[in-house]
Amino acid sequence: MDKVPRYVFVTGGVVSSVGKGIVAASLGMLLESRGLKIAMMKFDPYINVDPGTMNPYEHGEVFVTDDGAETDLDLGHYQRFTHAKISQKSNVTAGSVYNAVIQKERRGEYLGKTVQVIPHITDEIKARIRMLTAEPEDEADVAIIEVGGTVGDIESLPFLEAIRQYHLDISPVPCCFVHVTLLPFIAAAGELKTKPTQHSVRALRDIGIFPNVIICRSGTHSLSPEHRRKIAMFCNVTEDAIIGAEDISPVYAIPLNFRRQHFDDIVLRVLQLDAPEGDLTAWCQMLDRMKNPRYEVRIAAVGKYIAHDDAYKSINEAFAHAGIANDCKVHLQWIDSEQFENGVSPEDVLKDFDGVLIGPGFGKRGIEGKIRAVQYVREKRVPFLGICLGMQIAIIEIARNCLGLKKANSTEFDPDTPDPVICLLTEQQGIKEMGGTMRLGAYRCVLKPGTLAHQAYKRDIIFERHRHRYEFNNAYRSRMEQEAGLVVSGVHPRTDHELVEISELRDHPWFCASQFHPEFTSTPMRPQPLFTAFIKAALERKISSNHA
Ligand code: GLN
């Protein structure tokens with residue numbers, strides 16, 4: 001018989017954004033440290049089939065998996081904290097569940113029955129839970145499943161009902177329910193309040209879910225023994241299973257706070273599993289390096305005005321990881337590119353930085369300003385990293401200012417440009433549907449020896465993830481290489497032609513731009529090579545200019 005994992009379900013109460021993703025990821029990390037194999041999954045109660053069509057400035061970043069799924073940013077946390085395989089199966093939205101059920105109904109698979117939330121939607125959700133670990137290579141000891149949204153929301157109900165049933169279905173095998181809540185601090189009373197937690201646990205119990213562990217977010221205040229006693233008594237949970245979760249920075253320190261409070265021991269006790277105590281030495285050493293850096297660098301990220309902190313989550317984290325690798329604190333500052341279109345000179349703003357990033361993006365706004373920023377870093381020999389749109393901008397700038405193709409552009413921004421140095425592949429032409437139709441997921445990239453990219457990765461072949469429609473136009477490749485100093489340092493070989501995946505400049509200390517997204521594979525224990533090399537170059541520039 002297939003090996004069936006034990007399940008941990010993580011729910012949230014009181015407010016949204018309470019930190020369920022980090023709780024789930026931290027638990028995964030602690031269980032892995034004890035030798036257990038884990039699987040991770042997130043339910044999202046919205047009706048979008050995936051977050052790929054959602055505005056990242058409202059919803060946060062779209063995290064892309066190796067197999068090309070566009071997923072919620074919490075999956076990025078899972079990947080940064082654990083070794084769990086993150087794939088298409090790891091993110092299940094209400095939209096994808098309804099979509100599957102409606103398609104089955106159209107095919108007549110419900111044999112004339114009325115199709116309903118219970119049992120048809122809940123059955124589909126339960127099938128997704130089983131699918132997560134059904135293949136032999138996906139087997140796990142523990143599957144951690146985070147239910148997005150907040151208990152009490154209408155949208156979350158089918159998911160909560162499904163996990164309630166699932167618990168019953170696999171009984172007597174135990175499940176562990178972890179509920180994450182907020183204790184608001186009322187300044188006038190000078191105390192943390194437990195009442196909203198009591199109410200949210202009551203709402204959960206009404207649905208038939210009885211939490212085994214309650215994680216209490218408490219801001220900058222700490223949980224007293226009195227709070228623990230009170231929550232334990234009102235919520236019917238043992239006192240040791242009330243876990244305090246003060247705000248802690250950096251996020252990678254959070255698992256250690258949970259470990260001190262025996263969160264993992266309690267979960268294993270509920271699951272009736274035995275596992276030896278974990279060894280967290282390497283993680284602690286990583287944290288130590290992160291907290292006590294010897295150097296610092298300033299990096300400018302030139303882009304649109306960013307209101308949502310999470311819109312570039314993986315990039316922010318990848319810089320923190322590259323900092324660990326270089327014993328260096330990376331200060332990342334977002335710079336609005338539109339000012340460079342309105343009379344502000346890039347030099348005036350960017351001269352105080354040790355390196356410049358142009359990151360991913362869509363749409364025309366701010367493009368010309370970004371092109372000016374690239375011209376500045378190319379001419380002034382400032383370390384530059386371009387990611388996806390960042391590479392496309394670099395190619396446009398080089399074509400315009402080194403080849404003299406003054407109107408060179410991407411057909412995304414100017415469909416009638418005489419020099420479409422960035423354009424759609426034939427297979428992308430004619431696509432009308434927005435969802436899931438970009439070039440997505442990991443592709444093989446062959447690196448050219450002797451290039452910056454090869455020096456960074458120290459490998460001939462790499463796999464990195466993509467999320468874009470437009471590509472480098474090979475019609476311009478030989479001129480760009482021969483006349484403009486461009487080096488194509490990595491390609492994806494295909495039978496018809498090669499796709500340019502990463503390129504750099506011959507006469508520049510460090511100028512590298514990739515069509516793929518290196519940020520999606522970075523973790524604090526394995527910092528991403530391209531980010532690491534970029535920060536190293538920025539640091540070297542800073543040190544040498546200080547001594548100049
Ligand atoms: N808009 C560009 C494209 O679709 C770049 C996308 C991105 O930066 N992720 O190709």
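Order of appearance sets the numbers: ligands from 1, and atoms from 1 within every ligand.
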Pairs satisfying salt bridge (charged side-chain N to carboxylate O under 4.0 Å, His left out), at least one member in residues 446-465, at least two apart
Asp66-Arg465
What about the rings of Tyr443 and Phe516, do their centers lie closer together than 6.0 Å?
no
Look only at the side chain of Arg128 and the backbone of Asn91, and say whether a donor-acceptor pair between them is shorter than 3.5 Å.
no
Which residue pairs satisfy the ring pair (Phe, Tyr, Trp, His ring centres under 6.0 Å) criterion with at least one member in residues 348-397, sequence neighbours excluded?
Phe384-Phe511
Can the ring centres of Tyr78 and His83 be said to be less than 6.0 Å apart?
no
Is there any salt bridge (charged side-chain N to carboxylate O under 4.0 Å, His left out) pair reaching into residues 77-88, and which pairs are they, with sequence neighbours excluded?
Lys85-Asp138
Contact residues of ligand 1 with a heavy-atom cut-off of under 4.0 Å?
Pro360, Gly361, Phe362, Cys388, Leu389, Gln392, Glu412, Arg467, His468, Arg469, Tyr470, His517
